[in-house]
Amino acid sequence: MDTPLSTIAVVGLGTMGTGIAEVLALAGREVIGIDISEAAARQAVTSLEASTARAVGRGRITEQERAEALARFRTHDTLQAAAEAELVIEVVPETYEIKQQVFRELDAVVSPTAILATGTNALSVTRLAAESQRPERVLGLHFFNPAPAMKLVEVVSSVLTAPPAVEAVTRLARELGKEPVAVGDRPGFVADGLLFGYLNQAAAMYEANYASREDIDAAMKLGCGLPMGPLALLDLIGIDTARTVLEAMYAASHDRLHAPAPILGQLSEAGLTGRKAGRGFYTYDAPGGQGVVADALTPSPEAASGTGREIASVGVAGSGTMASGIAEVFAKAGYTVVLAARGQEKADLAKARIAKSLERSVAKGRLTAEARDETLGRITAAGSLDAFAEVDLAVEAVAEDLEIKQQLFATLDKVCRPGAVLATTTSSLPVIAIARATGRPEDVIGMHFFNPAPAMKLVEVVRTVLTADDVHATVRTVCAKIRKHPVDCGDRAGFIVNALLFPYLNNAIKMVEEHYASLDDIDAAMKLGGGYPMGPFELLDVVGLDVSLAIEKVLHKEFRDPGLAPAPLLEHLVAAGCLGRKTGRGFREYARR
């Protein structure tokens with residue numbers, strides 16, 4: 001099987017097959033495109049011509065390179081054309097019946113040394129290989145859409161695959177300018193295995209009417225730096241495709257997190273499969289269109305507005321990074337701020353931290369010296385919560401401990417004037433339990449800022465069953481004034497971001513526990529295949545493994561789903577004091593500063 005793989009057949013000339021053919025042709029391979037549909041074959045040629053013309057226009061290739069690539073691409077309507085191929089990549093519809101039929105026919109056509117690759121992202125490579133006369137030459141080669149742009153390629157081995165076949169396609173992937181990641185045969189492999197569980201939970205969250213589609217998507221884009229929100233991504237992938245992948249994952253794992261949310265089935269059965277149909281979770285300007293148009297579910301600006309309370313002064317309780325960051329945000333927006341800590345010295349240190357932050361902004365040209373001085377002048381450091389007597393809004397940012405927060409709110413209840421809004425920045429505790437520590441739970445709401453508060457645009461606005469309408473309207477208005485994007489959610493564990501993020505992180509840890517893939521391969525897969533700014537293990541080490549474990553425990557306790565139980569490896573690392581970057585060791589080791 002030590003072959004250069006210079007002639008490659010691509011079976012199935014849909015979007016993915018055409019994209020793979022383009023990558024191969026531009027890399028100097030002879031490409032045999034095969035599709036039983038003459039229209040699909042013609043469309044593939046047209047797409048390749050248009051795509052390479054754009055590449056010439058952008059200076060990525062020359063006109064001669066374009067002409068040579070187009071000459072290397074030939075289309076046929078029968079599998080007999082694959083006879084001379086050294087590698088065949090099938091990307092036909094995602095069903096065992098169709099793929100097995102293709103493999104059976106290829107057995108009678110290709111040479112004994114040819115490698116057969118399936119582009120599946122949901123079906124068992126082992127099962128497909130078992131249908132072949134030479135299963136040792138069958139493997140998975142999972143490109144990501146759009147193939148010309150996406151760098152990740154998952155190379156999937158079954159227990160039957162011969163190592164030389166794996167080595168040959170891995171070498172090919174590198175020659176194509178891709179990043180190959182070696183994975184075993186399980187539904188979803190690495191990237192989709194983690195991605196689709198997250199997408200499924202987002203669909204279930206929307207189905208439960210917990211948050212709007214717009215707020216779910218905005219929360220994950222702004223809170224996690226993702227290029228697309230989960231519901232918009234489901235529309236792009238195809239809701240029917242997502243359902244197929246999840247069904248395969250659930251059949252293998254029996255994990256309820258992989259059981260397709262009923263809404264995915266309902267939309268699929270109704271033909272509302274996403275962008276390709278012109279409607280899915282969102283409505284588009286045309287079938288296959290990219291522009292989202294307003295529909296009956298699109299929120300109107302009036303619906304989000306309401307009469308709130310006047311807010312001129314803000315109290316921020318706490319002395320840590322989050323408290324000083326929030327105080328800086330409010331002061332920059334023109335509010336008078338009282339920053340209170342347990343003692344004047346801690347309060348002064350917190351204000352000094354703000355001064356350093358503002359100075360960095362001046363040095364980077366983001367803030368003038370005059371604006372720095374004005375912002376700092378609006379902040380008063382206080383050593384006691386008594387300084388909150390006249391504030392209109394009190395925001396706590398103290399330790400994530402229910403008892404500590406309840407004691408603080410009991411104090412705020414006594415100190416703050418009637419009508420003041422009381423907000424907690426908790427990321428995992430029940431807001432109602434904090435509110436009940438006061439005699440005015442209707443004035444209490446959650447305002448979950450993200451760290452670092454001056455940079456992160458998202459605020460999760462958490463209403464309890466007792467929060468007054470005007471309090472909610474007040475906080476929405478305040479968010480707009482401090483230039484943050486508010487998303488509404490109910491008072492349950494994890495709110496939006498953490499409820500979707502941490503099960504995904506937990507599942508990544510389980511992959512390592514099961515020796516399915518390495519830390520580096522999983523991180524690379526999610527960055528290159530999912531567009532994540534950080535891999536899951538990079539992120540876990542930054543967040544802190546102890547913090548991550550605490551959130552996982554809260555989620556598991558609230559939802560009581562076995563799939564949410566913290567991975568034992570996470571618990572072991574925390575018990576060993578390996579908490580991530582802050583201790584110098586977590587999933588990886590870091591140089592001590």
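One is the number of the first residue; the rest follow in order along the sequence. These numbers come from the heavy atoms of this one structure, side chains and all, not from hydrogens, waters or symmetry mates.
- Phe189 pairs by the ring-ring contact (aromatic ring centres under 6.0 Å, His included) definition with His142, not counting sequence neighbours.
- Of the possible polar contacts, one joining the Arg72 side chain to the Ala25 backbone as a donor-acceptor pair under 3.5 Å is found.
- Under the 30°/60° scheme for interplanar angles, the aromatic rings of Tyr532 and Tyr504 are found to lie parallel.
- Using a 4.0 Å cut-off between charged nitrogen and carboxylate oxygen, Glu94 and Lys99 count as a salt-bridge pair.
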*asked:* Evaluate Thr7 against Glu84 for side-chain hydrogen bond (donor to acceptor under 3.5 Å, both in side chains), listing each step before the verdict.
replied: CA-CA 7 Å; Thr7 301; Glu84 60 185 284; 4.9 Å; no

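- Residues Lys527 and Glu538 are paired through a salt bridge, judged by an N-O separation under 4.0 Å between the basic side chain and the carboxylate.
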*Go through the steps for Phe196 and Tyr250 under the test ring-ring contact (aromatic ring centres under 6.0 Å, His included), then give the verdict.*
CA-CA 11 Å; Phe196 277 88; Tyr250 181 70; over 10 Å; no

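- Of the charged side-chain nitrogens involved, at least one lies within less than 4.0 Å of a carboxylate oxygen, so that Arg186 and Glu514 count as a salt-bridged pair.
- Using a distance-only test at 3.5 Å, with no hydrogens or angles considered, a donor-acceptor pair links the side chain of Asp217 to the main chain of Ala232.
- Side chain of Lys178 to backbone of Met150: a donor-acceptor contact under 3.5 angstrom is found.
- Residues Leu267 and Gly280 approach most closely at CD2-O, 4.2 Å, considering heavy atoms.
- Side-chain atoms of Glu136 do not come within 3.5 Å of backbone N or O of Thr161 as any donor-acceptor pair.
- Residues passing the side chain to side chain donor-acceptor pair (under 3.5 Å) test with Asp185, sequence neighbours excluded: Ser124, Thr126.
- Taking 4.0 Å as the cut-off between side-chain N and carboxylate O, Asp235 and Arg213 do not count as a salt-bridged pair.
- Taking 4.0 Å as the cut-off between side-chain N and carboxylate O, Glu131 and Arg104 count as a salt-bridged pair.
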